[in-house]
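The structure appears below as structure tokens.
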There are 2 protein chains.
Amino acid sequence: MTDEQREPERQEEEALTPRQREILRLLIQEYIDTATPVGSHTLRAIGGLGVSSATIRNELAVLEEMGYLAQPHTSAGRVPTVKGYRYFVERLLGDVDLPLPSKRMIRHQFHQIRLNLDQWMELTAAVLAHTTRAASLVTAPHASNARFRHIQLISIRDTLCLMILVLQDGSIHQEMLVTTEPISQEALSQLSNQFNALLYNKTVQEIEESSHPELAALEGWRAEVLRHALYLMEQVDRRSISEIHRDGLINVLRQPEFDDAERLLHVLELLEQRHLLESILAKTLNANGVQIIFGGEGPYEDISDVSLVLSPYGVRGKATGVLGILGPMRMPYGRAISAVQYVAELMSGLIREIYG
Amino acid sequence: MTDEQREPERQEEEALTPRQREILRLLIQEYIDTATPVGSHTLRAIGGLGVSSATIRNELAVLEEMGYLAQPHTSAGRVPTVKGYRYFVERLLGDVDLPLPSKRMIRHQFHQIRLNLDQWMELTAAVLAHTTRAASLVTAPHASNARFRHIQLISIRDTLCLMILVLQDGSIHQEMLVTTEPISQEALSQLSNQFNALLYNKTVQEIEESSHPELAALEGWRAEVLRHALYLMEQVDRRSISEIHRDGLINVLRQPEFDDAERLLHVLELLEQRHLLESILAKTLNANGVQIIFGGEGPYEDISDVSLVLSPYGVRGKATGVLGILGPMRMPYGRAISAVQYVAELMSGLIREIYG
DNA sequence: ATTAGCAGTCAAGATTCTTGAGTGCTAAAT
DNA sequence: ATTTAGCACTCAAGAATCTTGACTGCTAAT
């Protein structure tokens, strides 16, 4: 879509030597652990690469030249750039899998809980936040095309009724309706039943196109109810992302890179703004597998210093959602990716069980 | 209840002279505006009290002696203590009323919106946060004794059904039920209807005591459904505070008193912990009118530097909730109190309209 | 009782010093 | 052609010191 993916063939850029890759790998790992710039000495002390610090220095200079590393200032060690992180994640990380005990613990928690969607979301957010020590984001499963499942009209007062609309993806929507004339509960129930019979499993479009005689014949408040229900369904269709559940914010904000109140607030603002977050999550919704978004580049300029590990979940076409984490760019990607992947699989399984 | 309210008659503590009260009032107002300790000079410059700074100094010393003021350090101006704030709010603030334009704006926003409980909560939170420039807290209206209104069982799959339970206070609760044998939608609908007829407007207790023959005769999955519904209602009864809606966190965290990442995180943690917040809000639920809670004293030791302005709303016995704000202790109390009061009245009106 | 005046205090900001981790470069060694 | 040891150089961060100015409390005069 964007031409970012395919820049004018910079393929020629010399590949890294095995030693350079190893140095890059060690450096990033160390930096992720310690949060301090890593120098040639430390690197020599850590690792199995049997060369002197001077050699490492030379290699570091090359890696910096190529844009994988940066120096905060002349007399400091090196720090990975976004390009460095990306290379690390894509080429150096290898296949990671969540440790078995963690998996077991997660599974266990999921089996404990009562079958309640909201509680699920919360649990998922909590589990993700806990296992990755980052902030988690989870959206509820959601069908791209709302299909009617059930409507219920409940009289609250003579001219006021509560409309409860259940869709195929299991989401429940409610709204109060005011009528000009008093309506009895019997009339409401009757209309509910009529709708339940006529609209079952239909999308907004299908309902509008079908122009069923019984529907066309509706008048007054009955027509009004139908209009409202359709309007609600349209609204649901429009929002590709439903409510976002979060957890573990503090995990991220405690990281040393945010010891400055300024930056801390910046991240916080980011998470409070639904807009930005929604648009990011929406992109992942149609992706395959785990996606990693690094802040600070291209379209994500304003979310510097953080990155997101996201994955879609659910059953394509039935009910899908996005879940993942947001953490400092200096993040244990291995664990993060495997955790997100695992939880996404689990959730997909549950969704399949229910809606499959 | 606690004996805090009635300490061993310290009434004898000399009352403040009018000048002292005026000085205290001016100082607190100035401090609220500027967030810097206020000295005798500034105080002289501001106010209509026609005395020299030296005199003011003497009075300040007295006020400090009595515990209304404190000095961050010897060569700084004075800052109000909690006792000072309390005196200010209770005795010096006078009757405050929200400016008419603000009232009109708020009313306007409330009339714009569609009749949807969740949206109401969000709007209320947003309005409060906006008019007070603090963080807002709003709980959904909630009856202290859950009364059954409507149940709906919807088949999801042969052995899985969705139970939707609507209570008299308008709250909707959902849960999935797994059955051992496959159940048809007809059977589910039939049971729903049966329950709707039998349980209407009853509390858990009433249902359990009535021991209606039709209910006692239920067996297998039907009994299971009833058990689940009652369990859900019990759970609702147990939680006196439903979900808490928040908004405007950033408003508070931007205040100069939180320019330190340490304190900032402390407040944030406070708001993330549901427990503490819930217990505080629950206390207000049964209070009359606006309550002000100052952090740092007695039971609120760990919430230093912030205070809350809270008010219950709703119809006693039918559906009640709590709304209010949390801000720095250095808060424009006049505006805050009047805004909370006004919004609480508005909400009560709406609730009355619906459930009255 | 109030006020002017003065000596004293102390946080906060500016300035300087010190330290040490880390670099780049060069020349010798492999 | 690499690699390595060694050395001079750099610079952020922390400690130490100085300066400033907004306060106070006290005393003596009004």
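Model, not experiment: these values are computed from the prediction. Below, chain A is the first sequence line, B the second, and so on; all start at residue 1.
Looking only at atom types and distance, the side chain of B:Thr131 has no donor-acceptor partner in the side chain of B:Tyr342 under 3.5 Å away.
Sequence order on DNA chain C of the closest nucleotides to B:His73 and B:Arg44 puts B:Arg44 first from the 5' end.
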- Task: Do nucleotides 16-30 of chain D as a string where each nucleotide becomes B, S or -: B if the base has a protein heavy atom under 4.0 Å, S if just the sugar-phosphate does, - if no protein is that close.
- Result: ------BBBB-----
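Two rings, from A:Tyr87 and A:Tyr68, have their centers less than 6.0 Å apart.
Salt-bridge check for A:Glu269 with B:Arg254: passed, with a basic side-chain N closer than 4.0 Å to an acidic carboxylate O. Using a 4.0 Å cut-off between a side-chain N of Lys or Arg and a carboxylate O of Asp or Glu, A:Arg19 and A:Glu59 qualify as a salt bridge.
Taking atom CD of residue A:Glu30 and atom P of nucleotide C:dA21, one finds them 15 Å apart after rounding to whole Å. Across the protein-nucleic acid pair, A:Leu69 atom CG and C:dG24 atom P stand 11 Å apart, rounded to whole Å. The CG-P distance, from A:Leu43 to C:dA21, rounds to 16 Å in whole Å. One can place CD1 of A:Ile46 at 11 Å from P of C:dG22, the figure rounded to the nearest angstrom.
Of the inter-residue distances, the one linking A:Ser40 atom OG with A:Arg44 atom CZ reads 10.0 Å to the nearest 0.5 angstrom. Interatomic distance, CG of B:Asp247 versus CD of A:Glu272, reported as 7.0 Å (0.5 Å rounding).
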